Amino acid sequence: MNLSILIPLLNEEESLQELYSWIIKVMQSNNYSYEIIFVDDGSTDNSWQIIEGFSNENPNVKGIRFMKNFGKSQALHAGFAKAKGDVIITMDADLQDSPDEIPELYEMITAQKYDLVSGWKKKRYDSVVAKNLPSKLFNWAARKTSGVELNDFNCGLKAYKNVVVKNIEVSGEMHRYIPVLAKNAGFGKIGEKVVIHQARKYGETKFGMERFINGFLDLITIWFLSRFGKRPMHLFGAIGSIMFIIGFLSAGYIGVSKLYHMYNGMKYSLVTNNPWFYIALTTMILGTQLFLAGFLGEIILRTKNNEERYKVAREVNF
């Protein structure tokens, strides 16, 4: 199978028919073998009924329905697990991503041998203050932190080799950082393509300013996980050990200093009257706690179970 088109959605009943017809037109004009996977992330409108209608008339249309809204990352994770195409294309259901971009994205994966190609909405039709400026700042921070030179991490229109989506773990709200996850998994040929960004035709955006706050927090998380996720003891254990040693040596110096003054008949005060004693004691306690945090992290990594992070209510055509 040439292509899997993966579309996560939430309450997009108005745009689904137009999007579906557009994708089918592109598939037929290019003679692709394909599947379209709609992942309904807990819609409360008629989105699922529309998807079932597509699946009844076209066996290439498949659907996954969550029991409630679990988030875009979980929807992508569910779709990635089911996708069978040689190339997987992800796109949003709000018609802001153009299916006409699919052939070029497919060509970049198959002919130019990219592992992953991310769309770049160079010209946007979103609010400058509410979306464009925060997005530019967010993308700059993501480039500097991750080392992945992309201009638009958050673009929903992306293309992947099948092997890429089968070897990355998308959880939490990490869908913004799939290129970083792919790089950390060993897929180094990551490209970018300028894509058309269309103004939203129906409804309202499901994302507010809070997504950028969450995005920066996730960026810190992925930076940490990429460096110490498999070896937390290397960070917490090292810092904890250094703090404990500094505190221990400081406390020892205070004690030896008092003994020296006592032996030589010099004036001295109680150790507990010296504020540096409490600083040293606190440093030792914090060092011990950090060391234990690293130790517990190592134990959790070795004993954790990969539990499902979402519940599927229904599936069609799988």
Side-chain angles (χ1 to χ4, degrees), residues 1-13 15-16 19-20 22-24 26-27 30 32-43 47-94 97 99 101-102 105-106 109-110 114-119 155-179 181-182 185 187 305-318:
M1 183 183 295
N2 299 134
L3 279 165
S4 293
I5 312 297
L6 174 56
I7 305 169
L9 63 106
L10 174 65
N11 296 332
E12 297 287 359
E13 62 178 357
S15 63
L16 285 177
L19 176 64
Y20 169 69
W22 196 351
I23 293 174
I24 294 299
V26 173
M27 296 297 105
N30 289 274
Y32 292 136
S33 58
Y34 69 94
E35 64 179 358
I36 304 173
I37 303 174
F38 291 98
V39 184
D40 182 354
D41 187 20
S43 294
S47 294
W48 180 251
Q49 287 73 25
I50 295 171
I51 293 167
E52 285 187 314
F54 296 156
S55 66
N56 289 333
E57 69 180 51
N58 185 347
N60 294 321
V61 177
K62 304 174 181 181
I64 300 171
R65 187 184 190 187
F66 286 174
M67 295 184 70
K68 66 173 186 177
N69 178 232
F70 286 97
K72 187 174 182 178
S73 291
Q74 323 314 323
L76 289 174
H77 183 273
F80 286 159
K82 297 287 188 179
K84 297 179 180 178
D86 297 329
V87 177
I88 289 84
I89 305 283
T90 60
M91 61 192 310
D92 294 334
D94 55 11
D97 296 332
E101 304 283 357
I102 291 174
L105 290 169
Y106 178 78
I109 297 293
T110 56
Y114 282 98
D115 296 316
L116 183 157
V117 179
S118 180
C155 180
L157 186 58
K158 290 182 171 67
Y160 313 81
K161 282 183 179 177
N162 185 286
V163 67
V164 174
V165 303
K166 301 302 184 183
N167 285 280
I168 57 175
E169 185 75 13
V170 188
S171 60
E173 293 188 29
M174 293 299 181
H175 57 274
R176 303 175 183 90
Y177 303 111
I178 290 179
L181 297 174
F187 300 100
N305 294 318
N306 292 319
E307 299 178 356
E308 287 293 333
R309 300 180 299 274
Y310 48 85
K311 300 295 182 183
V312 174
R314 292 191 64 187
E315 294 183 355
V316 292
N317 282 349
F318 284 108

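All values below were derived from every heavy atom in this structure, side-chain atoms included, with hydrogens, water molecules and symmetry-related copies excluded. Just so it is clear, the model here is predicted, and its values are computed rather than measured.
Rounding to the nearest 0.5 angstrom, the gap separating the CG atom in Leu3 from the CD1 atom in Ile102 is 7.0 Å. Distance check: Asn167 CG to Asn162 CG gives 9.5 Å after rounding to the nearest 0.5 Å. Distance check: Asn317 CG to Glu52 CD gives 10.0 Å after rounding to the nearest 0.5 Å. Atom OG of residue Ser43 and atom CD1 of residue Ile50 lie 9.5 Å apart, to the nearest 0.5 angstrom. The distance from the CD1 atom of Ile88 to the NZ atom of Lys158 is 14.5 Å, given to the nearest 0.5 Å. Atom-to-atom distance recorded for Ser118:OG and Leu105:CG is 9.5 Å, nearest 0.5 angstrom.
Looking at Ser47, its side chain does come within 3.5 Å of a backbone N or O of Glu12 through a donor-acceptor pair. Using modelled atom types, one side-chain atom of Ser33 and one backbone atom of Asn2 make a donor-acceptor pair closer than 3.5 Å. The closest donor-acceptor contact from the side chain of Ser15 to the backbone of Ala93 lies under 3.5 Å. Remark: the backbone N or O of Gly156 is paired with a side-chain donor or acceptor of Thr90 at under 3.5 angstrom. Judged by distance alone, with hydrogens and angles left aside, the side-chain atoms of Ser73 form a donor-acceptor pair with the main-chain N or O of His175 at under 3.5 Å. Judged purely by atom type and a 3.5 angstrom limit, Lys166 uses its side chain to pair as donor or acceptor with the backbone of Ala83.
Taking the side chain as every heavy atom from C-beta outward, Asp86 and Thr110 never approach each other to under 4.5 Å. Put simply, the side chain of Leu16 reaches to within 4.5 Å of the side chain of Leu9, judged on heavy atoms. Side-chain contact between Leu6 and Val165: absent, with no pair of heavy atoms (C-beta onward) separated by less than 4.5 Å. Between Asn60 and Met27, every side-chain heavy-atom pair lies at or beyond the 4.5 Å cut-off. In this structure, the side chains of Lys82 and Lys62 stay at 4.5 Å or more apart for every pair of heavy atoms. The side-chain heavy atoms of Glu101 and Met91, taken from C-beta on, include no pair separated by under 4.5 Å. Contact of the Ile7 side chain with the Ile23 side chain is registered, since non-hydrogen atoms from C-beta on lie closer than 4.5 Å. In this structure, the side chains of Ile89 and Tyr34 stay at 4.5 Å or more apart for every pair of heavy atoms.
Defined by atom type and a distance below 3.5 Å, a donor-acceptor pair is present between the side-chain atoms of Asn69 and Asp41.
Across Ile64 and Ala78, no two heavy atoms sit closer than the pair CD1-O, 3.9 Å. Counting all heavy atoms, side chain and backbone alike, Leu76 lies closest to Ile178 at CD1-CD1, 4.0 Å. Taking all atoms of both residues into account, the shortest heavy-atom contact from Val312 to Met67 is C-CG, 4.1 Å. Contact between Ile109 and Tyr114 at its shortest, heavy atoms only, is CD1-O, 3.4 Å. Of all heavy-atom pairs spanning Pro8 and Ala75, the tightest one is CB-CB, 3.8 Å. In terms of heavy atoms, Ile168 sits closest to Ala185 at CG2-CB, 4.2 Å.
More than 12 heavy atoms of other residues, nucleotides or ligands lie within 6.0 Å of CE in Met1, so this atom counts as buried by the packing criterion.
Using a 30° and 60° split on the angle between ring planes, Phe38 and Phe54 fall in the tilted class, from 30° to 60°.
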Mind running side chain to side chain contact (heavy atoms under 4.5 Å, CB included) on Tyr20 and Glu57 for me, showing each step along the way? CA-CA 12 Å; Tyr20 169 69; Glu57 69 180 51; 3.4 Å; yes
Evaluate the salt bridge (Lys or Arg N to Asp or Glu O under 4.0 Å) criterion for residues Asp92 and Lys72: first the C-alpha distance (whole Å), next the side-chain angles of each, then the deciding distance (0.1 Å), finally the verdict. CA-CA 10 Å; Asp92 294 334; Lys72 187 174 182 178; 2.9 Å; yes
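For an aromatic pair to be called close, the ring centres must be under 6.0 Å apart, and Phe187 with Tyr160 fails this.
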